[in-house]
Amino acid sequence: MSLKIYNVLSRQKEEFVPLTPGKVNIYVCGPTVYDFSHIGHAKTYVSFDVVVRYLRFLGYDVLYVQNITDVGHMLDTGEDRILKKARQTSALPMQVVETYTRAYFEDMDALGVRRPDISPRASAHIPEQIAMIEQLIKEEHAYVHDGSVYFSVASFPEYGKLSGRVVEELEEGARIAVREDKRHPADFALWKKAEPEHILRWPSPWGEGFPGWHIECSAMSAKYLGDTFDIHGGGIDNIFPHNECEIAQSEAAHGAPFARYWMLTGSLTLDGIKMSKSLGNTMSIKDALARWRAEAIRTFILSSQYSNPIDFSDEAIEAAYKGWQRIWGAVSLTREQLRHAAPGEITPDVMAMLAVTREQFIERMNDDFNAPGALAVLQDLTRQVNGLINEGGPQTQGTLAAIDALFRELGGDVLGIVPDREEGGADAEREDGLVRLLIDLRNRARANKEWATADTIRNSLKELGIVLEDRADGTIWKLG
RNA sequence: GGCGACGUGGCCAAGUGGCAAGGCAGAGGUCUGCAAAACCUCGAUCACCGGUUCGAAUCCGGUCGUCGCCUCCA
């Protein structure tokens with residue numbers, strides 16, 4: 001069975017056939033760096049992280065580009081949001097940009113999101129954007145008015161094909177501000193003339209100004225991925241106008257199809273309400289990471305299909321965390337057993353079971369990256385491994401190593417929820433040694449039926465976040 | 001008003017024509033010094049109405065409801 005992707009452009013699931021066999025070029029709309037990233041960003045970027053990880057798992061040579069918007073993203077007051085932040089914090093605009101770009105990568109790193117191959121900044125691609133605008137003017141898809149340049153929606157009949165919007169209806173909409181300088185209310189800015197107080201400015205054929213928000217994605221995706229590329233991703237909330245404008249600009253300028261598959265992630269609500277800067281009900285990734293470990297957040301996000309909306313709540317993420325603990329418990333148990341397992345080959349039964357698991361996992365992921373289904377497969381594996389180790393007696397090195405390898409491959413490499421080892425930094429080994437020493441002392445007490453001493457050690461460790469579990473074959477510990 | 005998603009057991013959620021995955025919570029059991037973990041067992045006619053079909057959660061029509069977008073937002 002081959003990979004199928006739900007293509008928003010065609011509104012149906014399609015078999016994925018890359019432009020160039022074996023290679024996938026993918027572009028995902030990145031963040032505007034004027035504030036800390038929130039858990040909505042986490043949903044989108046964790047989702048695409050898994051998409052890219054899975055494509056690589058399948059053997060594709062993936063080139064993943066994700067922009068950093070550091071200019072041109074305006075508020076409806078006409079003020080650039082980065083300039084606004086700079087003014088509020090008495091900082092230079094590029095200081096603001098640098099601060100939040102770094103914070104964004106820190107957050108993504110902490111969430112286990114692998115970095116894109118290229119993270120181009122809008123401000124570093126002004127010449128490319130100007131060149132593209134000139135091309136659009138030449139092709140009569142854009143016009144100049146008083147130092148600004150607008151894209152003419154009327155010149156591109158397919159405008160609206162992604163979002164299902166119809167230009168005529170937009171015209172009637174009362175919510176689109178009619179600007180004197182636009183020929184059509186739906187026309188959008190490619191280049192804006194900079195007023196004297198606007199610090200972020202560049203020279204252009206039309207005078208000093210700055211690029212419109214949409215053009216960066218068109219210019220930078222073309223530069224790094226080509227006029228036509230395989231997958232374009234982003235959050236569903238940007239389908240209109242942003243994504244629609246990208247398509248119009250790119251296809252009008254290049255005379256070639258833009259992205260072939262459009263994948264858009266569902267929005268995230270917080271306690272049932274849409275999270276937005278204007279409403280003020282946001283939760284930053286840093287806040288979330290202070291309360292839950294990254295794997296719990298990833299598991300929560302991957303518990304529903306990427307295209308569906310999800311609601312973030314304490315109950316929901318707690319349930320996801322408990323579910324993750326089951327998987328992690330089986331992985332830890334496997335690795336613990338592996339420390340002193342007898343040499344030996346993998347048994348045929350286990351080999352067959354692992355092969356079926358791997359097959360089912362791939363089947364689920366091939367169905368439009370069905371991560372929830374893939375998680376269910378890992379839960380089945382978890383149940384079988386627990387049964388095998390707890391009831392099936394001691395397992396050989398070969399068996400345990402194969403189980404561990406499969407967890408690493410599917411849960412680790414693809415989903416990013418099974419770490420190579422429990423975190424603990426440089427002191428991890430020392431900590432492990434100390435805990436094992438305490439376990440040894442406690443077990444001597446238990447042998448003498450000194451239950452009070454044994455329980456004191458266990459309870460004290462629990463307060464430090466270390467949980468002991470007495471098994472028939474020995475005591476193991478884990479972080480609670 | 002327009003566009004688009006969605007409504008599956010207490011909660012989350014997979015499943016696009018053929019006996020309804022998985023997780024969380026709950027109940028009972030096994031194991032255990034106790035605990036924890038684990039394992040076993042137990043639960044849904046899939047919002048409602050009508051239609052197509054031998055057969056529908058899945059297709060079609062309608063009703064009700066929730067959410068997102070249309071203005072900055074991943």
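Chain identifiers are assigned alphabetically (A, B, ...) following the order of the sequence lines, protein sequences preceding nucleic acid strands; residue numbering begins at 1 within each chain. If you're wondering where the values come from, they're calculated on a predicted model, not measured in any experiment. The figures here come from the full heavy-atom set of this structure, side chains too, leaving out hydrogens, waters and symmetry mates.
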5' to 3', nucleotides 21-30 of chain B under a 4.0 Å protein heavy-atom cut-off (B base, S sugar-phosphate only, - none) gives BSSSS-----
When every non-hydrogen atom of A:Ile82 is compared with those of A:Val33, the smallest separation belongs to CG1-O, 4.2 Å
Distance test, side-chain N/O of A:Asn370 to OP1/OP2 of B:A14, below 4.0 Å
no
Note to self: Between B:G22 and B:G29, how far apart are the two C1' atoms, rounded to whole Å?
What the structure shows: 23 Å
* Asked: Would you say A:Lys462 reaches B:A35's phosphate, i.e. side-chain N/O to OP1/OP2 under 4.0 Å?
  -> no
**Message:** Under 4.0 Å, heavy atoms only, any strand: does A:Leu268 hit a base, just the sugar-phosphate, or nothing?
**Reply:** base
Under a 3.5 Å limit on both distances, the Watson-Crick or wobble mate of B:A27 is B:U41
Query raised in the report: For A:Gln66 and A:Ser119, does a side-chain donor sit closer than 3.5 Å to a side-chain acceptor?
Result: no
From OH of A:Tyr159 across to P of B:C3 the rounded distance in Å is 17 Å
The Watson-Crick or G-U wobble partner of B:G33, with both key distances under 3.5 Å, is none
Re B:U66: Watson-Crick or G-U wobble partner, both distances kept under 3.5 Å, found to be B:A5
Stacking between A:Trp451 and the base of B:G33 (centre distance under 5.5 Å, interplanar angle under 30°)? yes
Q | Integer angstrom distance from the C1' of B:A56 to that of B:U16 | A | 10 Å
Testing B:A14, B:G33, B:A74 for proximity to the side chain of A:Ser304, the answer is B:A14
Any base atoms under 4.0 Å from A:Asp470, or only sugar-phosphate, or nothing? Heavy atoms, all strands.
base
*Distance between the P atoms of B:A14 and B:G7, in whole angstroms?*
8 Å
- Message: Looking at A:Glu98, I want to see if its CD is surrounded by more than 12 non-hydrogen atoms of other residues, nucleotides or ligands under 6.0 Å.
- Response: yes
note: A:Arg442, atom CZ; B:U32, atom P; distance rounded to Å ~ 16 Å
Re B:A21: Watson-Crick or G-U wobble partner, both distances kept under 3.5 Å, found to be none
- When the ring planes of A:His214 and A:His242 are compared, do they come out parallel, tilted or perpendicular, using 30° and 60° as the limits? tilted
Given the options A:Leu381, A:Val385, A:Leu378, A:Leu415, A:Ile327 meets side-chain contact (heavy atoms from CB on, under 4.5 Å) only with A:Leu378
When the C1' atoms of B:G4 and B:G10 are considered, how many whole Å apart are they?
31 Å
In whole angstroms, the gap separating C1' of B:C11 from CZ of A:Phe312 amounts to 16 Å
Should the ring pair A:Phe151 and A:Phe188 be called parallel, tilted or perpendicular, given that the plane angle runs from 0 to 90° and is split at 30 and 60?
-> parallel
When rounded to whole Å, the CG to P distance for the pair A:Asn366 and B:A14 reads 18 Å
Exercise. At under 4.0 Å between heavy atoms, what does A:Gly329 touch on the DNA or RNA strands: base, sugar-phosphate, or nothing?
Worked result: nothing
Judged by nearest nucleotide, the residue sitting upstream toward the 5' end of RNA chain B, A:Ile273 or A:Phe300, is A:Phe300
Centre-to-centre under 6.0 Å for A:Phe312 and A:Trp292, is that the case here? yes
Practice problem: Look at the side chain of A:Ser250 and the backbone N and O of A:Glu246, then say whether any donor-acceptor pair between them is shorter than 3.5 Å. | Solution: yes
Rounded to whole Å, CG of A:Asn459 lies from P of B:A36 at a distance of 12 Å
* Have a look at A:Leu264 and say if it touches a base, only the backbone sugar-phosphate, or nothing, with a 4.0 Å heavy-atom cut-off. => nothing
Under-3.5 Å donor-acceptor pair between A:Asn308 side chain and B:G68 base:
no
**Prompt:** Which is true for A:Arg458 with a 4.0 Å heavy-atom rule: it touches a base, it touches only sugar-phosphate, or it touches nothing?
**Reply:** base
Heavy atoms under 4.0 Å, any strand shown: does A:His242 hit a base, just sugar-phosphate, or nothing? nothing
Side-chain contact check for A:His41: nearest option of B:A74, B:G33, B:A13 is B:A74
Using the C1' atom as the point on both nucleotides, what is the distance between B:A44 and B:G9, in whole Å? 4 Å
A:Glu450 CD to B:C34 P, in whole Å, measures 18 Å
Rounded to whole Å, CG of A:Asn443 lies from C1' of B:A35 at a distance of 14 Å
**Pairwise C1' distance for B:U45 and B:G18, with rounding to whole Å** = 15 Å
Taking the same atom, C1', in B:A35 and in B:G68, what whole-Å distance lies between them? 47 Å
Taking every heavy atom of A:Ser218 against every heavy atom of A:Gln249, the minimum-distance pair comes out as OG-OE1, 2.8 Å
*Looking just at side-chain N and O atoms, do A:Arg471 and A:Asn390 make a donor-acceptor pair shorter than 3.5 Å?*
yes
Paired to B:A56 by Watson-Crick or G-U wobble criteria (both distances under 3.5 Å) is none
Review point. When you compare B:C64 with B:C48, how far apart are their P atoms, in angstrom units rounded to a whole number?
Key: 16 Å
Practice prompt. Give one of base, sugar-phosphate or nothing for A:Gly160, where a contact means two heavy atoms less than 4.0 Å apart.
Written response: nothing
query = If you look at every strand shown and take non-hydrogen atoms under 4.0 Å, does A:Tyr45 touch a base, only sugar-phosphate, or nothing?
reply = sugar-phosphate
* A:Phe229 versus A:Phe258: any side-chain heavy-atom pair under 4.5 Å? -> yes
Per atom distances to the A:Asp367 side chain, the nearest of B:A38, B:G15, B:G4 is B:G15
A:Leu468 atom CG is separated from B:A36 atom C1', nearest whole Å, by 9 Å
Touch class at under 4.0 angstrom, heavy-atom based, for A:Asn238 against every strand present | sugar-phosphate
By nearest-nucleotide position on RNA chain B, the 5'-leaning member of A:Gly272 and A:Thr265 is A:Gly272
